[in-house]
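Because the structure is predicted, anything quoted here is derived from the model rather than measured. Per chain, numbering begins at 1; letters A, B, ... match sequence-line order.
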Amino acid sequence: MEKDEKGFYGIGAVEQRTGLSARQIRYYENLGLIKPERTEGGQRRYTERDVLCLLRIKYLKENGFDLKSIKEKIEEFERELSLESLANLSPAELKISSLYPVSNRAILMKLLDKTKDGK
DNA sequence: GTTCTAACA
DNA sequence: TGTTAGAA
């Protein structure tokens, strides 16, 4: 079991490289800790990043962290990433994006534009 | 032969 | 979490 022609790993290869069971690997995916792609047939394809992420999870767990706190850590990290993307917005957009759900921002921005040139 | 989902003597 | 059954 090794990388396929495009650099992806099957779950068997990931088991060997991480020492985690397929059961655990799939379970962690359900918790949202990793998100491997799927083939047309539905088989999971893991990237090198997935493997490294699993190794980190394994390390943290071996050092006393439960899956719940590990999950929170990852979610916190992803929230910070999304916040960084807000750094490219104007002050007005920043206020709007932090107060309203994504689905409404586009509408709000249109209203702001009309307010500006609409006297 | 490997992986998937669902379920549990 | 392990393991197993049946399908893909």
Side-chain angles (χ1 to χ4, degrees):
Chain A
M1 293 156 170
E2 252 306 316
K3 276 201 299 284
D4 65 11
E5 50 287 331
K6 288 174 181 167
F8 288 87
Y9 298 95
I11 197 167
V14 179
E15 277 189 289
Q16 294 180 172
R17 297 203 52 193
T18 64
L20 294 169
S21 66
R23 178 77 164 78
Q24 290 176 302
I25 296 168
R26 298 192 185 104
Y27 179 54
Y28 297 164
E29 178 185 347
N30 285 108
L31 294 180
L33 274 33
I34 54 175
K35 4 228 185 297
E37 298 177 9
R38 298 280 189 124
T39 64
E40 294 183 17
Q43 293 193 205
R44 277 165 264 246
R45 287 288 109 118
Y46 300 88
T47 63
E48 192 63 47
R49 283 187 53 76
D50 291 323
V51 172
L52 294 175
C53 189
L54 287 169
L55 286 174
R56 283 181 43 225
I57 293 169
K58 181 186 180 186
Y59 174 79
L60 290 173
K61 205 182 59 169
E62 290 176 337
N63 286 79
F65 292 87
D66 52 51
L67 290 175
K68 174 177 162 290
S69 61
I70 294 175
K71 182 183 179 185
E72 292 173 343
K73 241 324 170 269
I74 292 178
E75 291 175 336
E76 177 187 319
F77 176 70
E78 293 179 335
R79 279 200 302 279
E80 291 176 352
L81 280 185
S82 59
L83 282 178
E84 282 185 44
S85 67
L86 296 179
N88 300 315
L89 301 178
S90 70
E93 294 172 324
L94 205 55
K95 288 182 181 177
I96 291 174
S97 60
S98 62
L99 293 175
Y100 299 93
V102 178
S103 57
N104 290 329
R105 287 176 202 164
I107 297 176
L108 285 167
M109 289 312 293
K110 287 184 179 179
L111 291 174
L112 280 184
D113 287 339
K114 294 204 172 191
T115 300
K116 275 190 293 185
D117 55 51
K119 295 84 182 175

- [ ] Have a look at A/Ile57 and tell me which of A/Leu20, A/Leu33, A/Leu52 forms a side chain to side chain contact (heavy atoms under 4.5 Å, CB included) with it.
- [x] A/Leu33

Find the distance [X]:[atom1] to [N]:[atom2] and express it as a whole number of Å.
X: A/Arg26; N: B/dT5; atom1: CZ; atom2: P; result: 7 Å
X: A/Ile25; N: B/dT2; atom1: CD1; atom2: P; result: 15 Å
X: A/Glu40; N: B/dC4; atom1: CD; atom2: C1'; result: 16 Å
X: A/Arg38; N: B/dT3; atom1: CZ; atom2: P; result: 13 Å
X: A/Tyr27; N: B/dT3; atom1: OH; atom2: C1'; result: 21 Å
X: A/Arg45; N: B/dC4; atom1: CZ; atom2: P; result: 8 Å
X: A/Gln24; N: B/dT5; atom1: CD; atom2: P; result: 17 Å

Task: 4.5 Å side-chain heavy-atom contact, A/Arg38 and A/Arg44 - done: yes

Task: Sugar-phosphate or base contact per nucleotide [nucleotides 3-8 of chain C; S, B, -; heavy atom under 4.0 Å] - done: B-----

Open item on the list: Keeping A/Glu15 on the side-chain end and A/Ala22 on the backbone end, is there a donor-acceptor pair under 3.5 Å?
Closed with: yes

Determine: side-chain N/O of [X] to OP1/OP2 of [N], distance under 4.0 Å, yes or no.
X: A/Arg44; N: B/dT3; answer: no
X: A/Ser21; N: C/dT1; answer: no
X: A/Tyr28; N: C/dT1; answer: yes

Task: Partner nucleotide of B/dT3 by Watson-Crick or wobble geometry (both distances under 3.5 Å) - done: C/dA7

